[in-house]
Asker: 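Take a look at this one; I'll ask things after.
Naming convention: chains lettered A, B, ... in sequence-line order (proteins, then strands); numbering from 1 in each chain.
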2 protein chains.
Amino acid sequence: MLKNTEFTEKLRSSGLRPTKQRLKICEVLFNREKTFHFTINDLVKNISNQLNEKISLATVYNTVHAFKKKGYLKEISINSDKSYFDTNISNHHHFFDEDTNELIDCNDDSIETPNVKKNITGKKINSIEVLIKVATDNQNHN
Amino acid sequence: MLKNTEFTEKLRSSGLRPTKQRLKICEVLFNREKTFHFTINDLVKNISNQLNEKISLATVYNTVHAFKKKGYLKEISINSDKSYFDTNISNHHHFFDEDTNELIDCNDDSIETPNVKKNITGKKINSIEVLIKVATDNQNHN
DNA sequence: TCAACAGTTTAGAATTATTATAATATAGTT
DNA sequence: AACTATATTATAATAATTCTAAACTGTTGA
Ligand SMILES: [Mn+2]
Ligand SMILES: [Mn+2]
Ligand SMILES: [Zn+2]
Ligand SMILES: [Zn+2]
């Protein structure tokens with residue numbers, strides 16, 4: 001549970017001005033026990049629920065992208081409809097529940113990061129991510 | 001190299017009427033030595049290049065989704081901008097070159113499908129896919 | 001053979017996530 | 001306080017995708 005002044009410091013130290021919009025978004029995103037996944041729309045709803053003031057949609061996009069660039073968020077693409085963001089910035093993998101559209105972190109005891117035996121020449125590996133799609137086992141034969 | 005009559009049979013056997021649009025799309029997608037990845041826009045361009053007639057965008061979308069539903073194509077989400085489709089329907093993994101936005105199949109000697117040690121209760125695993133993002137190793141410190 | 005009908009194609013409109021614009025406001029600095 | 005770079009905002013623009021509803025076509029069975 002970071003305080004407001006700590007967010008201020010964190011933002012300033014990464015070259016982002018601690019505006020009241022950014023501080024509020026920090027509260028919503030990082031004042032939590034557990035990490036979580038969200039869409040921009042989820043975040044906009046959370047902001048108007050948990051806080052009195054409104055933050056413009058453009059600012060929410062700007063801030064999320066700024067936080068991603070600074071490494072405070074990760075972006076996850078499951079389908080082309082919308083982007084998911086993750087406050088868990090550690091290297092980890094995901095289950096995606098196709099029934100509920102829910103994204104769930106894999107623990108280390110669920111799966112291990114696979115070993116890349118041959119990489120593409122001249123390229124650096126930026127990330128290795130496993131996505132496990134699951135659904136209820138109802139045998140649909142359409 | 002399948003012939004037109006073979007595509008006709010394939011379509012009919014999966015409950016899709018072999019219209020001339022679908023047969024043309026089959027030619028463009030499946031009359032190849034190697035599998036490949038494409039976007040809807042790529043496919044539309046290929047159609048107007050390789051063939052005389054034009055197929056409406058709505059039909060291209062309809063057909064690609066129908067083929068995906070029948071298991072003749074796979075959809076891959078790398079970023080939220082657009083969907084990629086894959087004529088390689090086998091279980092395999094991908095490199096994504098962030099410099100060129102190119103999607104490249106992993107061979108079995110590049111990576112092995114990771115083992116899922118614990119699945120979510122009551123759910124069936126539909127797919128396990130690894131995505132390796134690579135880029136040129138130029139040390140950008142912005 | 002051919003009428004009937006379900007399935008398909010199509011142009012264009014609608015939807016939706018995201019990005020761009022450009023005017024206004026604010027934070028940090030002197 | 002004044003200055004300047006940054007940030008916010010409402011709104012417009014963009015772009016991928018889906019929807020609509022009218023016209024067309026493949027299949028079937030009388
Ligand atoms: Mn889709
Ligand atoms: Mn994006
Ligand atoms: Zn996660
Ligand atoms: Zn592939």
Asker: Clusters formed by hydrophobic residues whose side-chain heavy atoms approach within less than 4.5 Å: which one holds B/Ile89, and what are its other members?
Answerer: none

Asker: Rounded off to whole Å, could you give me the CG-to-C1' distance for the B/Leu57 and C/dT8 pair?
Answerer: 16 Å

Asker: Which residues satisfy the ring pair (Phe, Tyr, Trp, His ring centres under 6.0 Å) test with A/Phe38, sequence neighbours excluded?
Answerer: A/Phe36, A/Phe85

Asker: Once you round it to whole Å, what is the distance between P of D/dA15 and CG of B/Asn79?
Answerer: 15 Å

Asker: Please work out if A/Asn41 contacts a base, only the sugar-phosphate, or nothing of the nucleic acid, heavy-atom cut-off 4.0 Å.
Answerer: nothing

Asker: So how far is it from B/Glu27 CD to B/Asn46 CG, rounded to the nearest 0.5 Å?
Answerer: 12.5 Å

Asker: What distance separates A/Asp86 CG from A/Lys74 NZ, expressed to the nearest 0.5 Å?
Answerer: 6.5 Å

Asker: Can you name the residues that form a salt bridge (charged side-chain N to carboxylate O under 4.0 Å, His left out) with B/Lys34, not counting sequence neighbours?
Answerer: none

Asker: Could B/Lys24 and B/Phe7 be counted as a cation-pi pair, given that NZ or CZ must be under 6.0 Å from the ring centre and within 45° of the axis?
Answerer: no

Asker: What's the CG-P distance between A/Asp42 and C/dT16, to the nearest Å?
Answerer: 16 Å

Asker: What distance separates B/Lys133 NZ from B/Ile78 CD1, expressed to the nearest 0.5 Å?
Answerer: 7.5 Å

Asker: Please report the end-to-end axis angle for the helix from C/dT1-D/dA30 to C/dT30-D/dA1, five pairs per end, rounded to 10 degrees.
Answerer: 20°

Asker: Whole angstrom is fine here: how far is it from CZ in B/Arg22 over to C1' in D/dC24?
Answerer: 14 Å

Asker: Could you tell me how far apart B/Ile40 (CD1) and D/dA16 (P) are, to the nearest whole angstrom?
Answerer: 11 Å

Asker: How close or far is atom P of D/dA10 from atom CG of A/Asn62, stated in whole angstroms?
Answerer: 13 Å

Asker: List the protein contact pattern of nucleotides 23-30 of chain C with one symbol per nucleotide (5' to 3'): B for base contact, S for sugar-phosphate-only contact, - for none; contact means a heavy-atom distance under 4.0 Å.
Answerer: ---BBS--

Asker: Would you call the rings of A/Tyr84 and A/Phe96 parallel, tilted or perpendicular if under 30° counts as parallel and over 60° as perpendicular?
Answerer: perpendicular

Asker: Over how many whole Å does the gap from A/His65 atom NE2 to D/dA7 atom C1' extend?
Answerer: 16 Å

Asker: For residues 56-64 of chain A, please give each side-chain donor-acceptor pair under 3.5 Å, one per line with the distance, not counting sequence neighbours.
Answerer:
| unit_1 | atom_1 | unit_2 | atom_2 | d |
| --- | --- | --- | --- | --- |
| A/Ser56 | OG | A/Thr59 | N | 3.2 |
| A/Ser56 | OG | A/Thr59 | OG1 | 3.2 |
| A/Asn62 | ND2 | A/Ala58 | O | 3.3 |
| A/Thr63 | OG1 | A/Thr59 | O | 2.8 |

